[in-house]
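Just so it is clear, the model here is predicted, and its values are computed rather than measured. Letters A, B, ... mirror the listed sequences (proteins, then strands); counts begin at 1.
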There are 2 protein chains.
Amino acid sequence: MGEKSARQTRPTLMDVAKKAGVSRATASLVVRKSPLVGAETRAAVEAAMIDVGYVYNVGAAGMRAARSRTIGVIIPNLSNPFFGVLLAGIDRIVDGAGLATFIAHSGESPAKQDGFVTRMREHGVDGLIVCPAAGTGDDFVPRLKRWGMPVVEALRTVGGGAVDYAGMDQRGGMDGAVARLAELGHDRVGFVTANLYHSAHDERLVAFRAAMARHGLQAVTEIEIAPTHAEAAALAARMAGAADAPTAWICHNDVIGLGLHWGFSDHGVVPGRDVSLIGFDNVAETDLVRPGLASVATEPGEIGVLAARLLLRRIETPDADVEILTVPTHFVERASVGAVRG
Amino acid sequence: MGEKSARQTRPTLMDVAKKAGVSRATASLVVRKSPLVGAETRAAVEAAMIDVGYVYNVGAAGMRAARSRTIGVIIPNLSNPFFGVLLAGIDRIVDGAGLATFIAHSGESPAKQDGFVTRMREHGVDGLIVCPAAGTGDDFVPRLKRWGMPVVEALRTVGGGAVDYAGMDQRGGMDGAVARLAELGHDRVGFVTANLYHSAHDERLVAFRAAMARHGLQAVTEIEIAPTHAEAAALAARMAGAADAPTAWICHNDVIGLGLHWGFSDHGVVPGRDVSLIGFDNVAETDLVRPGLASVATEPGEIGVLAARLLLRRIETPDADVEILTVPTHFVERASVGAVRG
DNA sequence: CTGAAAGCGCTTACAG
DNA sequence: CTGAAAGCGCTTACAG
């Protein structure tokens, strides 16, 4: 009585084999698309699979084969669309290779990040793509390697160790930005960086200084703030009335750039006329504000694709040489940039 | 010669048991934090785990226990930050329960969505949270249920079947928006919807009509476009010069709203003064444009939390009653809304 | 090209 | 509270 049909056990390879009148090993070969099995046998097995409603059990297969056909991705911040696009790029390649992706977001917390690494090891992921949280310790990657975990860093790198990496070359876009400012007569240029410390933070600062030197300019200010719209707007409010303030600002990212745009605008300082503003990342919002926010662009989806390819290769050949891949960046001019006021 | 140390096999529960001088079953009880084992034995096993560097093998455990401690999430579009926040909410609950999350994005393609469902079944996920791609067939959820897969829909629902659902109640915010327009004297109001068909599309349109009727207004126009900034801007360009155009527009989402904002602004029609604009979703950008874009707000993270809780409950008790949960929405006024011009 | 046996690392009853 | 045996669903050698 009472249809207590607990979760019905799903058909196994043995069920398929019986139905098709072959051994389990043969059925397994068909599932794995091995060329070792004859066309007729293959057809019989495939028909049987459909017949019994067979679903491949990746977990069981992985246990014997010592790989899980999964990878893990750890991202610092899922609400930033930049990372969403990165993730989409990763997923496209990983899915194409027949693997599935575990995702976790660290919220820029190294402790949470460590927790996710443990969880993913327990799930036996075949490899890991990490964009390390700000403040991640130098031992993070060496520890992963000691465990024999294939790992690729994306966008940021920690510890300077030898590890596959896919990121962006900040220099091209930064140089384009500074060159344009020089051309427009700016010689009082400020830089606003974020108070989150990771390699991209440093790279952008270094690239800024190098570009400034190359164009014979000197930075009048380098300011560090929390990378939120509100903090940046507050900075703009302070600068709006200041004497000797820079006539142009380059920002670590568009969040800060848009915040400055907002803050200056609300204090009657018009971007592109009274002050020049340049962001970084070229997110969609840069095109929506008026005047548009000039920015430095790259292709986050492409970085994701490269990172995924690096990881698949590392899983395939653990002893391959370390590869560092960077995609170029370029300056995208918009109306927030203009000639210095006479 | 040559340290060919292939991937070292990691320690098993047997290694831990030997080290601690107990049987494998006892070690297993310690790992699973069973209260059946004595404090002294527990301590010895825990020490041994650290000693040998034990990592729990969730896959092997799951195979025997017939659950994987994983769930799958299928999202239509990862580059929309709204879904990023939803995902973060899901992850927080799922992680808290000790499970890991597979993620896939369908790109609004039902075919890709089916592929991911298969992949996730093969990986033996314990359940699925889906925001169905536009155009998903009515049989989608029934099929999952026939397979015995616990499933929760988020934000959108298809087929009208009995399935757990976490979404938003469009009506409150829509009514607030229309009420405010009526108050400001608008009686020529248009609605711009997206050409992607899913339940939220219909709900918003129905809510719009109901609110208009309630406030004694009549829609002069309902237009359907592709939900991109550019398409919306093009629509604004056509409307900018049109006689009898609505004096206020409500949009299916902020992408369309921001596109209209951009298009009108670039044609000298100032939002809030010459035309009133209201979006939907209250994404961060609404606060960055000038004048700010009024919108209807909800809490995507909260929807994620609810969806995750529904799924965990469904996995726990497969026969529980179906639950439909909606979080409220509310109108957020900004300067893009103003009195109708005399 | 196909089949019988062993084993991946765990958990589940079942005895004690 | 602890131990010995069987089995989850697959793949891997090894024979034929």
Query raised in the report: Is any side-chain N or O of A:R32 closer than 4.0 Å to OP1 or OP2 of D:dT12?
Result: yes

Query raised in the report: Which pair of non-hydrogen atoms, one from A:V45 and one from A:A20, has the smallest distance, and what is that distance?
Result: CA-CB, 3.9 Å

Query - Rounded distance (Å) that lies between atom P of D:dG9 and atom NZ of A:K18 - result: 12 Å

Query - side chain to side chain donor-acceptor pair (under 3.5 Å) partners of residues 157-166 of chain A, not counting sequence neighbours, each pair once - result: A:E153-A:T157, A:D164-A:R314

Query raised in the report: For DNA chain D, which consecutive runs of 3 or more Watson-Crick or G-U pairs (each distance under 3.5 Å) count as stems?
Result: C:1-3 with D:14-16, C:5-12 with D:5-12, C:14-16 with D:1-3

Query raised in the report: Atom NZ of B:K33 to atom C1' of C:dC10: distance rounded to whole Å?
Result: 16 Å

Query raised in the report: Should A:D114 and A:R119 count as an ion pair when the cut-off is N to O under 4.0 Å?
Result: no

Query raised in the report: Roughly, in whole Å, what's the span from CG in B:N57 to P in D:dC8?
Result: 18 Å

Report summary line: Separation of C:dC10 atom C1' from B:R10 atom CZ, nearest Å, is 12 Å

Query raised in the report: Looking at the side chain of A:S28, which of D:dT11, C:dT12, C:dG9 is the nearest nucleotide?
Result: D:dT11

Report, one pair per line, the protein and nucleotides 2-6 of chain C atoms (nitrogen or oxygen only) whose separation is under 3.5 Å.
from, atom 1, to, atom 2, distance (Å)
C:dT2, OP1, A:T41, OG1, 2.5
C:dG3, OP2, A:S23, N, 2.9
C:dG3, OP2, A:S23, OG, 3.3
C:dG3, OP2, A:T26, OG1, 3.0

Report task. To the nearest Å, give me how far apart NE2 (B:H123) and P (D:dC8) are. Result -> 22 Å

Query raised in the report: Is the side chain of B:D15 donor-acceptor paired with the backbone N or O of B:T12 at a distance under 3.5 Å, no angle test?
Result: yes

**Report entry** Non-hydrogen side-chain atoms of B:L306 and B:V327 separated by less than 4.5 Å
**Finding:** yes

Query raised in the report: How close or far is atom P of C:dG9 from atom CE of B:M63, stated in whole angstroms?
Result: 11 Å

Requested in this report: Report the residue (B:A39 or B:A60) whose heavy-atom-nearest nucleotide on DNA chain D is the more 5′ of the two.
Outcome: B:A39

Query raised in the report: Could you give the CE-to-P distance, from A:M14 to D:dC8, as a whole number of Å?
Result: 12 Å

**Report entry** Salt-bridge present (B:R146, B:D139; N to O < 4.0 Å)
**Finding:** yes

Do any side-chain atoms of residues 47-68 of chain B form donor-acceptor pairs under 3.5 angstrom with protein atoms, and if so which ones, sequence neighbours left out?
from, atom 1, to, atom 2, distance (Å)
B:D51, OD2, B:K19, NZ, 3.4
B:N57, OD1, B:G59, N, 3.1
B:N57, OD1, B:A60, N, 2.9
B:S68, OG, B:T70, N, 3.2
B:S68, OG, B:T70, OG1, 2.7
B:S68, OG, B:G124, O, 2.8
B:S68, OG, B:D126, OD1, 3.3

Report task. Among residues two or more places apart or on two chains, list those pairs meeting side chain to side chain donor-acceptor pair (under 3.5 Å) that have a residue in residues 32-44 of chain B. Result -> B:S28-B:R32

Report task. Sequence neighbours left out, what pairs pass ring pair (Phe, Tyr, Trp, His ring centres under 6.0 Å) with at least one residue falling in residues 97-133 of chain A? Result -> A:F102-A:H123, A:F102-B:F102

